[in-house]
Amino acid sequence: MISSLPSTSTFQLPTSIPPPTKTLTLITPNSISHQFTCKKPIKNTSFKIQSSPSSHMIEKETAETHRPDTFLRDSDGGPSTEAGSIRARFEKMIREAQDSVCAAIEAADGGAKFKEDVWSRPGGGGGISRVLQDGAVWEKAGVNVSVVYGVMPPEAYRAANPANAAENGNFKPEPVPFFAAGVSSVLHPKNPFAPTLHFNYRYFETDARKDAPGAPRSWWFGGGTDLTPAYIFEEDVKHFHTVQKNACDKFDPSFYPRFKKWCDDYFYIKHRNERRGLGGIFFDDLNDYDQEMLLSFATECANSVVDAYIPIIERRKDTPFTDKHKAWQQLRRGRYVEFNLVYDRGTTFGLKTGGRIESILVSLPLTARWEYDHQPEEGSEEWKLLDACINPKEWV
């Protein structure tokens, strides 16, 4: 396979190669596949392939100098239409969540400020990426919002919604138009006794596939908030899980146990046989309740982030630590990187649809560490953390 070629691509095969036994495939950046089957030796032959113009799965972004009131197209609740749609209200919620979390992060740091990038796309959509690095408290803190329109290839559709794709055994390889909006954040403190936090709340819609015009639109909500410490302080973990449970119980008492287990199962690093951290809540493809109720639930969860996390940071950010503690934190950060790059659905979806790479990878820490065959001493504080990641516990 030859990749990373322009839409007009020329390549040359060497002289006197043996007759090929397989089909040669050229894939252009627009995901157009050109195949050639050769039965005779080829001598100094050049192929020139001109692919027809085709839109990218997601249009490339353009930097903006100010934040617009909305990233929605007019037909979805933009300036010239009624702003009461689910899309419009969800965008309002995630932008308010971004503002409140960023304000709390800056206040806890005591000096550092977020760098902000605003971007848009010609066909509608855009986002706001905010990153704070090398502060007094935070090694790296990212809080992003995005509102995206695009067309998914089948593999990206499966990454976004594997349950539906698996159920449809006759799923055809046709593009699927989609809309997605979400707020996503990962907060990596410097102090190894202060835990990393991740949260993400998103709303997703797919229009009818191009080979099935008139089919009903699909929608679902997803998200969650989870805690990844390097060291366990039970009061911290219990506080965090109590806030998650309280948010869930306002809507359905089955939510917390259901979404807590889902979180433990989702953030599982299969090749390590351990979880990334100590969990929280996680849900995805959620559309078996009223749309209004799920919008309110996602809003409640997003609004609970500051109360769940900032008190822990205030307790731990100035705790003295040693080089040994820092090295263990870096090893756990390595696990964080492994999960995000190998298993995380959001990362996979973003990479497969040509999303904004700086926003997709903002979750990765500035520093991480891998040691060959590292094993913490049994009974040590490091061992207790690893044991809890291997054997999830009920904290509340």
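What's counted below: heavy atoms across the whole structure, side chains too, no hydrogens, waters or symmetry copies.
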Would you say the rings of [Y] and [X] are close, in the sense that their centroids are separated by under 6.0 Å?
X	Y	value
His198	Tyr336	no
Phe339	Phe267	yes
His271	Tyr343	yes
Phe178	Phe204	yes

Is it true that [X] and [Y] make a salt bridge, defined as a side-chain N closer than 4.0 Å to a carboxylate O?
X	Y	result
Lys393	Glu234	no
Arg369	Glu371	yes
Asp226	Arg276	yes
Glu106	Arg130	no
Lys115	Asp117	yes
Arg87	Glu91	no
Lys260	Glu394	yes
Lys238	Glu235	no

Run the side chain to side chain donor-acceptor pair (under 3.5 Å) test against [X] and tell me which residues pass, sequence neighbours left out.
X	value
Asp318	none
Lys190	none
Thr322	His325
Trp383	none

Nearest-0.5 Å distance that lies between atom CG in Asp109 and atom CH2 in Trp138: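 Output value for this atom pair is 8.0 Å.
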
May I ask you to check whether [X] and [Y] show a side-chain donor-acceptor distance below 3.5 Å?
X	Y	result
Tyr266	Asp344	yes
Gln330	Thr367	yes
Glu358	Trp119	no
Arg356	Asn144	no
Glu205	Tyr203	yes
His239	Tyr309	no
Ser129	Ser359	yes

Side-chain (Lys317) to main-chain (Ala108) donor-acceptor, under 3.5 angstrom: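 Pair found, side chain donor or acceptor close to backbone of Ala108.
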
For Phe255, ring-ring contact (aromatic ring centres under 6.0 Å, His included) partners two or more places apart: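 Scan of Phe255 (ring-ring contact (aromatic ring centres under 6.0 Å, His included), adjacent residues dropped) gives Phe259, Tyr289, Phe297.
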
Atom NZ of Lys245 with >12 non-hydrogen neighbours under 6.0 angstrom: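 No, NZ of Lys245 has 12 or fewer neighbouring heavy atoms, counting only those of other groups under 6.0 Å.
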
Arg316 to Phe233, cation-pi by 6.0 Å centre distance and 45° axis angle: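 Yes, a cation-pi geometry holds between Arg316 and Phe233.
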
Residue pairs passing the salt bridge (charged side-chain N to carboxylate O under 4.0 Å, His left out) test where at least one lies in residues 288-312, sequence neighbours excluded: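 Every pair satisfying salt bridge (charged side-chain N to carboxylate O under 4.0 Å, His left out) with a residue in residues 288-312: Arg89-Glu292, Lys250-Glu300, Arg258-Asp288.
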
Step-by-step ring-ring contact (aromatic ring centres under 6.0 Å, His included) determination, Phe251 to Tyr256: CA-CA 10 Å; Phe251 295 86; Tyr256 175 74; over 10 Å; no

